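Notes follow the structure.
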Number of protein chains: 2
Amino acid sequence: MADILAEGDRPTTPTLHRYATRQRQAVLDALSEHGEFITVQDLHHAMRTAGHQVGLSTVYRALNALVDVHAADTFRDAAGVQHYRTRTTAEHQHYLVCRSCGSSVPITSQRIERWADDTARELGFADVAHVIELSGICADCQDGPGPND
Amino acid sequence: MADILAEGDRPTTPTLHRYATRQRQAVLDALSEHGEFITVQDLHHAMRTAGHQVGLSTVYRALNALVDVHAADTFRDAAGVQHYRTRTTAEHQHYLVCRSCGSSVPITSQRIERWADDTARELGFADVAHVIELSGICADCQDGPGPND
DNA sequence: CTTGTTGCAAATTCTTTGCATGACA
DNA sequence: TGTCATGCAAAGAATTTGCAACAAG
């Protein structure tokens, strides 16, 4: 489980606040433990249920802070709600998310990054950014009805 | 400019309502005329300014109806706001949007569609959907300060 | 007539913010 | 002691929905 207050963290954390608090750590722990993408509200609810005394706005702030330092990834679902999950690698990443059970698989593909960059450059665009979201029904959910569903 | 009430439209429009109204047509016209992606609120404002007497909810409903029949494309920006634009071809499409002036270029690439499908299938996912958004600074905006900015 | 649309206002939902309180260096 | 996080409540924003009035086949 990740640890914000880990040893090598003093000189790091660029524009961000310099220390982690109990709540901050609790948010990160809960997020890590969950493993998959989760909604702020759901995460908050899970934490309360688990006995953590933490405010909703703190969870919002903590998650956004994590995204700022690239310790978490986020995406918006079709309804416009943000989902978060801890980031495992240091690199920019995409995910394939199951619409039935919510599980996700990180996708590592240089190919797509290249495609995005090349396409944009071809069209004369600079400073390219991309958002790529894949979703489907995972193998588990294709068999029986989804496990978490 | 597209026309909802065009000839071949009686037997079509599947699950959708069977006729277009003055407001509906006005929304489509305004959207077509704008050409680029635009916010519901902005489109509504533009229509009022242009003298159209139309309610905000009607614009919302009309735009979603257009998306339902694939007559318009939509995407959500970083702030979570939906943008719409008329669709030119019958096919599923992606766009490269300028973050400075808001102009957009449709991207037609089988390659990316293939990639998305293949990747998902490789990982055992079925019924794959994808959202791909590219943004950057267009050629015009790279020179002088953006024209519309 | 009957069905579907319109438009306003109210309601919803997610997210952010103001501010007093509290904790840590 | 000063700075920053916290948490609640209030604010904000985008979008949806309830409902009475209305248009058209």
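Computed from a prediction, not measured in an experiment: that's the story for all the values here. Below, read A as the first sequence line, B as the second, and so on, with proteins coming before strands; counting in each chain starts at 1.
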Carboxylate-amine/guanidinium proximity below 4.0 Å for B:D118 and B:R121 | yes

For this output row, return yes or no: ring centroids of B:F75 and B:F37 closer than 6.0 angstrom.
-> yes

Of the nucleotides D:dG7, C:dC24, C:dG7, which has the atom closest to the A:R22 side chain?
-> C:dC24

Under 4.0 angstrom, heavy atoms only, what part of the nucleic acid is B:Q53 near: base, sugar-phosphate, or nothing?
-> sugar-phosphate

Going by modelled atom types, is there a donor-acceptor pair between the base of C:dG4 and the side chain of B:R61 at under 3.5 Å?
-> no

Between atom NE2 in A:H44 and atom C1' in D:dT6, what is the gap in whole Å?
-> 12 Å

Whole-Å distance between D:dA13 C1' and A:R76 CZ?
-> 12 Å

Between C:dT5 (P) and B:L56 (CG): distance, integer Å = 18 Å

Base, sugar-phosphate, or nothing for B:N64, non-hydrogen atoms under 4.0 angstrom?
-> sugar-phosphate

The side chain of B:R48 lies closest to which of these nucleotides: C:dT15, D:dT15, C:dC8?
-> C:dC8

Find the distance A:L66:CG to D:dA5:C1' and express it as a whole number of Å.
-> 14 Å

Counting only distance, no hydrogens or angles, is the base of C:dG4 paired donor-acceptor with the side chain of B:R24 under 3.5 Å?
-> no

Could you tell me whether the phosphate oxygens of D:dA23, OP1 or OP2, come under 4.0 Å of any side-chain nitrogen or oxygen in B:T21?
-> no

Taking NE2 from A:H83 and C1' from C:dC14, how many angstroms apart are they, rounded to a whole number?
-> 11 Å

Length of the CG-P vector between A:L63 and C:dC14, whole Å = 15 Å

Under 4.0 angstrom, heavy atoms only, what part of the nucleic acid is B:Q82 near: base, sugar-phosphate, or nothing?
-> sugar-phosphate

Rounded off to whole Å, could you give me the OH-to-P distance for the B:Y60 and C:dA9 pair?
-> 16 Å

Side chain of A:S57 (C-beta onward), nearest among D:dG7, C:dC24, C:dG7 = D:dG7

Of B:L96, B:I112, B:I132, the one forming a side chain to side chain contact (heavy atoms under 4.5 Å, CB included) with B:I107 is B:L96

Whole-Å gap separating P (C:dT5) and CG (B:D68) | 12 Å

Within one Ile-Leu-Val-Met-Phe-Trp-Tyr cluster: A:V131 and B:I137, side-chain cutoff 4.5 Å = no

Taking the six-membered ring for Trp, are B:H94 and B:H130 parallel (under 30°), tilted (30 to 60°) or perpendicular (over 60°)?
-> tilted

